[in-house]
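Every chain is numbered from 1 and lettered A, B, ... according to where its sequence line falls, protein lines coming before strand lines. Because only heavy atoms are used, hydrogens play no part in the values below, and waters and symmetry mates are left out as well, while side chains stay in.
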Protein chains: 2
Amino acid sequence: MTGDERREQIIRTAVEVFSKHGFSGTTTKRVAEAAGISEAIIFRHFASKDELYEAILHNKVCEGGDKQFPWMGNEPLELAMQRGDDLEVFYLLAAEALKKHESDSNFMRLIFYAALEDNEASEHFVNQLMEGLYRFLGDYIERRQKDGAMRNVNPRIVVRSFMGMLIHHSLNNILWDKNRKLLDISNEEAAKNFAEILLRGVLVGGEPDTAINERS
Amino acid sequence: MTGDERREQIIRTAVEVFSKHGFSGTTTKRVAEAAGISEAIIFRHFASKDELYEAILHNKVCEGGDKQFPWMGNEPLELAMQRGDDLEVFYLLAAEALKKHESDSNFMRLIFYAALEDNEASEHFVNQLMEGLYRFLGDYIERRQKDGAMRNVNPRIVVRSFMGMLIHHSLNNILWDKNRKLLDISNEEAAKNFAEILLRGVLVGGEPDTAINERS
DNA sequence: GTCTATATAGCGATAGAC
DNA sequence: GTCTATCGCTATATAGAC
């Protein structure tokens, strides 16, 4: 196996191990065993365990990061946005997001570990990718508010509400509720329901009888 | 300092350290330093690092767990539920939850670490506390559906949507968006908005023009 | 109840043969 | 490019003095 091939193989393997056990919980020995090589080879390709970790985070979060978000270069989505088909917009976003989360749960685990363990990749994740998403979806919501289609709620609160539904649902599926005791539904079903609940929540019309800030 | 006092002090200190760095990332040495004692004392009170960790998880998740959830013995909440004041119900739940999360972020970090590191406390957390919450709030939603006040959505999807908003918002505040770059609002504001969005989303009336499952 | 000193094992990382 | 052998260090845990 050539140097580059080996390096790639180590990274792929390391993603598996680090995403399972985090940085502190991962030993170079386990990575070596999982890759079927000796520890020494790892340190021939990466100067330190730290450098290996940074490499896989960079690989997953920074480079592959754009692909984690389904809001760029998605034709059906862009068409739905152009014609102001809100339900379709939110449904497509939800379905894509849930699918991604499910097919790449390692990415989610890495991000959570990085955040908890206070790795700077976490900061990068928020500054670049999440900020991009908040702007992208926030702008759409703002436009729809100007159209008079949506109520005047802080667009970023709407984005957070929606992302909350999606990320928390995937988080349950990956971490806590693996055997679906609390709630057992398909991604399709979940995406439909989340989109519809959120959208009804922000569209004009159908208000609760008294808004909270009009109360005593 | 007596034995029990010392034990309690160690636990309090260990909660801080474990919640910051997780199980693998925490060394008994750091706990000892943070408590201002020698390592030997820790092992006089706890047979192993594992036992200390289980002790603090039991302390926070199992015993203190009930207090983490604001849905038992909360009078204003129960009154609001009795008179079917949905907005007040969801607002109170949201406000209480966000307040708890903020004042005890260590609890959230412990839970997340436990889930990622595959500790059994995580399972207990879901089976006991989350299941209780889903039943409690799910039952209320079901009742309101029978009243004809809420649409016929799987109640547990509604609970998940709402919990998603709350937990994900707190998670952002604690982990990723500490300096509130993405969204900077008070708990009060957040609770109001989440409650109103969710409630409009599930109340009868104000439907999006075409539901997703009626489409092509 | 608390300490210092120490045992033992596993960690990240390196040396050097092939 | 890969291995075995090993270094230096730190981890958990214990022994024994005070």
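Where DNA chain D meets chain A (any atom under 4.0 Å from a heavy atom), the bounding nucleotides read 5' to 3' are D:dG1 to D:dT4.
Every side-chain hydrogen bond (donor to acceptor under 3.5 Å, both in side chains) that B:K178 has, sequence neighbours left out, goes to A:D118. Partners of B:F112 by ring pair (Phe, Tyr, Trp, His ring centres under 6.0 Å), not counting sequence neighbours, listed by chain and number: A:F112, A:W176. A search for salt bridge (charged side-chain N to carboxylate O under 4.0 Å, His left out) contacts involving A:R135 returns A:E131, not counting sequence neighbours. Scored by the side-chain contact (heavy atoms from CB on, under 4.5 Å) test, A:E189 finds A:I185, A:S186, A:N193 as partners (sequence neighbours excluded). Considering only residues two or more places apart in sequence or on other chains, B:E102 meets the side-chain hydrogen bond (donor to acceptor under 3.5 Å, both in side chains) condition with B:N187. Under the side-chain contact (heavy atoms from CB on, under 4.5 Å) criterion, A:I174 pairs with A:S105, A:M108, A:R109, sequence neighbours left out. The side-chain hydrogen bond (donor to acceptor under 3.5 Å, both in side chains) test applied to B:E54 returns B:N119, not counting sequence neighbours. Looking at residues two or more places apart in sequence or on another chain, you find a side-chain hydrogen bond (donor to acceptor under 3.5 Å, both in side chains) between B:Y140 and B:D86.
DNA chain D is contacted by A:G3, A:R6 of residues 3-34 of chain A, taking any non-hydrogen atom closer than 4.0 Å. Residues from residues 37-44 of chain B placing a heavy atom under 4.0 Å of any atom in DNA chain C, listed by number, are B:I37, B:S38, B:A40, B:I41, B:R44.
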Give the table of side-chain donor-acceptor pairs shorter than 3.5 Å for residues 31-45 of chain B, with sequence neighbours excluded, one pair per line with atom names and distance.
unit_1: B:E39; atom_1: OE1; unit_2: B:T28; atom_2: OG1; d: 2.8

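A residue-by-residue look at A:G36 and B:K49 shows that A:G36 has its nearest nucleotide of DNA chain D further toward the 5' end.
Residues B:Y113 and B:F18 place their aromatic rings such that the two centres sit no closer than 6.0 Å.
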